[in-house]
Each structure stands twice: as structure tokens, then as C-alpha cells.
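Values below: all heavy atoms of this structure, side chains included; hydrogens, waters and symmetry mates excluded.
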Amino acid sequence: MAYWLLKSEPDAWSFEQQVKKGAKGEPWTGVRNFTAKQNLKLMKKGEHAFFYHSNVGKEIVGIVEVIREAYPDPTDESGRFTAVDVKAVKPIPKPVTLVTLKGDPRFSEMALVKYSRLSVQPVTDREWRLICEMGGAGR
DNA sequence: GCCAACGTTGGC
DNA sequence: GCCAACGTTGGC
């Protein structure tokens, strides 16, 4: 079981909107970066990902689950890119901010801190556990 | 296949 | 709103 982190600008697609979609979930489209695409293709059904709000909030606000593995992104005319479907699992009661992660040496190697522009990132087991604890969410 | 130019992302 | 970082594109 791998863990992931998905970034979205809440003005475009927020965790609240994701929650409203319920169990049927929503396609995660619009990734136009090859590194991010590679990560999307590695995501397996049932794996969990953090939902991060970039620009507004700059914090991890929830957890989502992959319900459909990589398929061609319907919003990409060139056919080169990939989408997955995710559904909301639960919110993070106390969102964990980028500032917090940057200030904590335990996260100095985290992709979110080192490669802030990458929109689909892997998260290590340790990072996942720590952030869940800090956010007041169960695993 | 290199590399300069350009565009986009995202933190501040 | 600015600007740094960095990925992509396209000319050669």
C-alpha cells in the first residue's frame, strides 16, 4: 500500500466539492506534467492520498481513496496524459499546513517541501502516519 | 540531442 | 501581484 498526495487549488476543485460527490467519486484530471503522470499511473485502487489545497490555505485538508486506476485523461486532446478517479474518505480535523511541515525537520525530505510544484506526489509511510496524528485523523 | 526561450505553478 | 523554480517546446 503506497500513499500519495494530490494538490488542487480550492478555487478550481476543493475537498468540500469532493466530499459532495460521495462514494461515486470524481475524475482527477488536468495533470499535464510527466512526473505527476508517472505517479498517477502507479496509483492502485484502494490506496489513499492526502488532499492538499494549494494557493488558498496551503494545507492538507482531507484523505481520498483511489477508486479507478489510471486511464486516458478525457480532458486531454493529445491523449498523452492520465486521470484516476478518487472519492473522499474523511476530512483532516486539524489541517496540517505547509508552514508546519516546513518548520518540522521530520518533513525536510518530503516531496511537498522539496518539490513544491509537483501536483501528484508519493508520501512515505512515516510521513503519512505523522500527518494523520498531527491532523487528528486516524490512519 | 542540445539548449535557449517560453509558459506555468505556487509560495510569499 | 511578483518572481523564482522548473518543466516543456522547438529551432538548430
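With no hydrogens or angles considered, a side-chain donor-acceptor pair links A/Ser78 and A/Arg80 at under 3.5 Å.
Remark: C1' of B/dG11 and CD of A/Glu59 are 14 Å apart, rounded to the nearest angstrom. In this entry the distance linking CD of A/Glu9 with P of B/dT9 reads 8 Å, nearest Å. Distance A/Ile60 CD1 to B/dG11 P: 12 Å, rounded to the nearest Å. Between the CG atom of A/Leu5 and the P atom of B/dG10 there is a distance of 11 Å, given to the nearest Å. Residue A/Asp11 contributes atom CG, which lies 13 Å from atom P of B/dG11 at whole-angstrom precision. Between the C1' atom of B/dG10 and the CG atom of A/Leu118 lies a distance of 13 Å, rounded to the nearest Å. The CZ atom of A/Arg117 sits 6 Å away from the C1' atom of C/dA5 (whole-angstrom rounding). A/Asn33 has its CG atom 13 Å from the C1' atom of B/dG7, to the nearest Å.
Taking only distance into account, the side chain of A/Arg32 never meets the base of B/dT8 through a donor-acceptor pair shorter than 3.5 Å.
Contact between the side-chain N/O atoms of A/Lys7 and the OP1/OP2 oxygens of B/dG10 is found at a separation under 4.0 Å. Note on A/Lys102: every side-chain N or O is 4.0 Å or more away from OP1 and OP2 of B/dG10. OP1 or OP2 of C/dT8 has not a single side-chain nitrogen or oxygen of A/Arg80 nearer than 4.0 Å. Using a 4.0 Å cut-off, some side-chain N or O of A/Tyr52 falls inside it from OP1 or OP2 of B/dG11.
In this structure, A/Phe50 and A/Ile92 have side chains that are in contact, with non-hydrogen atoms separated by less than 4.5 Å. Contact check for A/Tyr3 versus A/Thr124: no side-chain heavy atoms found under the 4.5 Å cut-off.
The side-chain tip of A/Arg117 does not point at the ring of A/Tyr115 from less than 6.0 angstrom away and within 45° of straight on.
Place A/Phe81 and A/Asn55 on DNA chain C by their nearest nucleotides, and A/Asn55 ends up nearer the 5' end.
Residue-level contact check: A/Phe34 touches the backbone only, with heavy atoms under 4.0 Å from sugar-phosphate atoms and none from bases.
Considering A/Lys45, A/Lys87, A/Lys90 in turn, A/Lys87 is the only one that fulfils the side chain to side chain contact (heavy atoms under 4.5 Å, CB included) rule with A/Glu65.
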